[in-house]
Amino acid sequence: MHIGVLAVQGSFSLHVSMFKSIGVEPVMVRRSTDLKRLDGIVIPGGESTAFQIIMNCDDLGANLLNAIRAGMPAWGTCAGAIILGKGLGNPQPRWELIDVEVVRNAYGRQVDSFVTSLNINGFDKDFDGVFIRAPLFQNAGKDVKILSLYNNTPVMVKQDNILLTSFHPELTSDFRVHKLFLDELVSK
Amino acid sequence: MKNTSLPKPEAGKDSFLLKVGLAEMLKGGVIMDVTNAEQAKIAEDAGGVAVMALERVPADIRKEGGVARMASIRVIEEIMKTVSIPVMAKVRIGHFLEAQVLQELGVDYIDESEVLTPADEANHVYKHDFRVPFVCGCTCLDEALRRIGEGAAMMRTKGEAGTGNVVEAVRHMRRVHSEIRNLTLMRKDELMAEAKRMGAPFEIVVKVAETGKLPVPNFAAGGIATPADAALMMSLGAESVFVGSGIFKSEDPERRAHAIVRATTHYEDASEVLNASRELGEAMPGLEISQIPDEQLLQTRGW
């Protein structure tokens, strides 16, 4: 299985370690040539404006967007969710690959960052959700499956080949969301 | 321990995870010094991952002298309103009141920085008591471990700020890494003596010896002026770079900022660093370290 982790900036090395711990050796994606033969891609946490500007230095952004549009499974954590979702505000344009609005920094600044126990669909035990300057998911369309809620607001959503989490599983040592991405989106 | 004059202890059990977590999000990126909202916008549009708000860039502090303090609240607020990336700001070493003020204001990271005039020659801020994370400078491993012991969630080299000369940042980064390597070679029963010699907290010394790395992200700062400087620091083990005077003291800040961002992402690919280095205009003027009188060196502030 060939999994890519977008590595232009952000928490990519933590995602790489998580995948290694479940026996998958991921590719760090910095150029279009790194996209060849990928079965899925993770867009990590980081700064979504920086991701977009760096990806648009060359054709990486356009090629990655086309690959996901053509069906490549993609999981965005925090900044990655901002890139993949819909919505106004920096950065623009959003890729709109899933029918949910993602509002950047909507939970506040760093002093408002928090950790909370999340109940995730299909997990028998709670998951530690680490929210850092997290984006808010709102106005999810009818085809969007909500996998977890915090304060009645979706924090983990899925539609077709796209998975979004507004929290950071890569900051924990709990690899269940990484496994869910592989089992339910990539191997499907 | 008497604690009445220290900040409100609001930091919970997950506090350190959240503090280091934000540093993790900034990895592989460029944090840029800015003195107003207009510069902050340029930094964000160039792909910077955060901005550092300060009153004067280090090159001007060096030139003009006087006491350098925390930036004005009005300027920091304008910058926070203007950009969507995290906003950091500097406080004087040991000035925990400036730090409390910045926490109230809601800045995302505080740099307890030797670039400003120290407020306390003996003590640094006790950073565990804050909800807002801190970054501190270091010249060597024992200094880094003391700051981490006080609660710093990110380290950076001190380098020699405001010189456009990367030599000190290189020295500090190499020194930290070589001292970490030496620790990993020691027997367990030698670590207490080593902690005593270093003047560093034993538990953190043991952790570094076991893992072979700092328990917090380690970034580069001080004298970085070109895309190749940034790529050099990343190749020496920096996880991100701070660029101070190097951008807004150069001829074409927009292009240089963008080029340094690109070179930081692609530091392992010389052809990309070459592309980033083309047609940049003049870099900031550089200063030879040996020409700076000892009492004007910034890296010797703090301990």
Side-chain angles (χ1 to χ4, degrees), chain A residues 6-15 17 28-31 33-34 44-58 60 77-80 82 89-92 103-106 108-117 128-135 167-168 170-173, chain B residues 10-15 17-31 41 43-50 80 82-88 102-110 130-133 153 217 239-240 257-259 261-262 264-269 271-272 275-276:
Chain A
L6 183 70
V8 294
Q9 189 269 311
S11 61
F12 56 87
S13 54
L14 295 176
H15 275 292
S17 316
M28 290 202 260
V29 173
R30 293 195 174 95
R31 315 180 64 154
T33 47
D34 301 325
E47 291 305 320
S48 51
T49 41
F51 287 4
Q52 210 162 51
I53 290 158
I54 299 166
M55 280 194 286
N56 291 341
C57 281
D58 47 36
L60 174 61
T77 57
C78 194
I82 296 170
N90 232 352
Q92 289 295 329
V103 188
R104 192 175 180 190
N105 299 338
R109 306 195 70 95
Q110 174 61 13
V111 288
D112 308 305
S113 293
F114 61 98
V115 181
T116 189
S117 269
D128 278 343
V130 185
F131 292 79
I132 294 182
R133 288 171 49 93
F167 54 96
H168 294 281
E170 77 275 19
L171 282 173
T172 71
S173 50
Chain B
E10 289 168 310
K13 67 174 170 59
D14 299 315
S15 175
L17 169 64
L18 292 169
K19 291 171 175 180
V20 174
L22 179 55
E24 294 285 347
M25 300 309 140
L26 303 176
K27 278 188 181 176
V30 182
I31 300 152
K41 189 80 188 101
E44 180 175 48
D45 290 345
V49 291
M80 287 167 65
T82 304
V83 295
S84 48
I85 52 179
V87 175
M88 304 185 176
L102 291 183
Q103 175 167 273
E104 282 303 311
L105 185 61
V107 303
D108 298 294
Y109 239 98
I110 293 178
F130 286 78
R131 281 168 298 143
V132 63
E239 297 178 294
S240 278
H258 189 257
V261 167
R262 194 171 179 191
T264 301
T265 291
H266 296 288
Y267 72 94
E268 289 173 306
D269 183 344
S271 69
E272 289 282 348
N275 286 334

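Residue numbers begin at 1 in each chain, while the letters A, B, ... track the order of the sequences. These numbers come from the heavy atoms of this one structure, side chains and all, not from hydrogens, waters or symmetry mates.
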*Toward chain B, the part of A/Phe131 with a non-hydrogen atom under 4.5 Å*: backbone
Nearest 0.5 Å, please: how far is [atom2] in [Y] from [atom1] in [X]?
| X | Y | atom1 | atom2 | result |
| --- | --- | --- | --- | --- |
| B/Asp14 | A/Phe114 | CG | CZ | 11.0 Å |
| B/Ile31 | A/Glu47 | CD1 | CD | 10.0 Å |
| B/Arg262 | A/Ile53 | CZ | CD1 | 13.0 Å |
| A/Leu171 | B/Glu24 | CG | CD | 6.5 Å |
| B/Lys27 | A/Ser13 | NZ | OG | 4.5 Å |
| A/Asp128 | B/Leu17 | CG | CG | 8.5 Å |

*For chain A, which of B/Thr265, B/Val20, B/Val30 has the most heavy-atom pairs under 4.5 Å?*
B/Thr265
*Relative to chain A, which of B/Gly28, B/Gly29, B/Ser84 shows the most heavy atom pairs under 4.5 Å?*
B/Ser84
*Which heavy atom of A/Ala50 sits nearest a heavy atom of B/Gly48, and at what distance?*
CB-O, 4.3 Å
*What's the shortest heavy-atom distance between B/Pro86 and A/Arg133, and which atoms?*
N-NH2, 3.4 Å
Could you check whether any side-chain heavy atom of [X] comes within less than 4.5 Å of a side-chain heavy atom of [Y], counting everything from C-beta outward?
| X | Y | result |
| --- | --- | --- |
| A/Gln110 | B/Val132 | no |
| B/Ile85 | A/Arg104 | yes |
| B/Leu22 | A/Ser113 | no |
| B/His266 | A/Val8 | no |

What part of [X] lies closer than 4.5 angstrom to a heavy atom of chain A: side chain, backbone, both or neither?
| X | answer |
| --- | --- |
| B/Glu272 | side chain |
| B/Val87 | both |
| B/Asp269 | side chain |
| B/Ala46 | backbone |

*asked:* Taking B/Gly106's backbone N and O only, do any of them form a donor-acceptor pair with A/Arg109's side chain (distance below 3.5 Å, no angle check)?
replied: yes
*asked:* Quick check on the interface: out of A/Glu170, A/Arg30, A/Gln9, who has the most heavy-atom pairs with chain B under 4.5 Å?
replied: A/Gln9
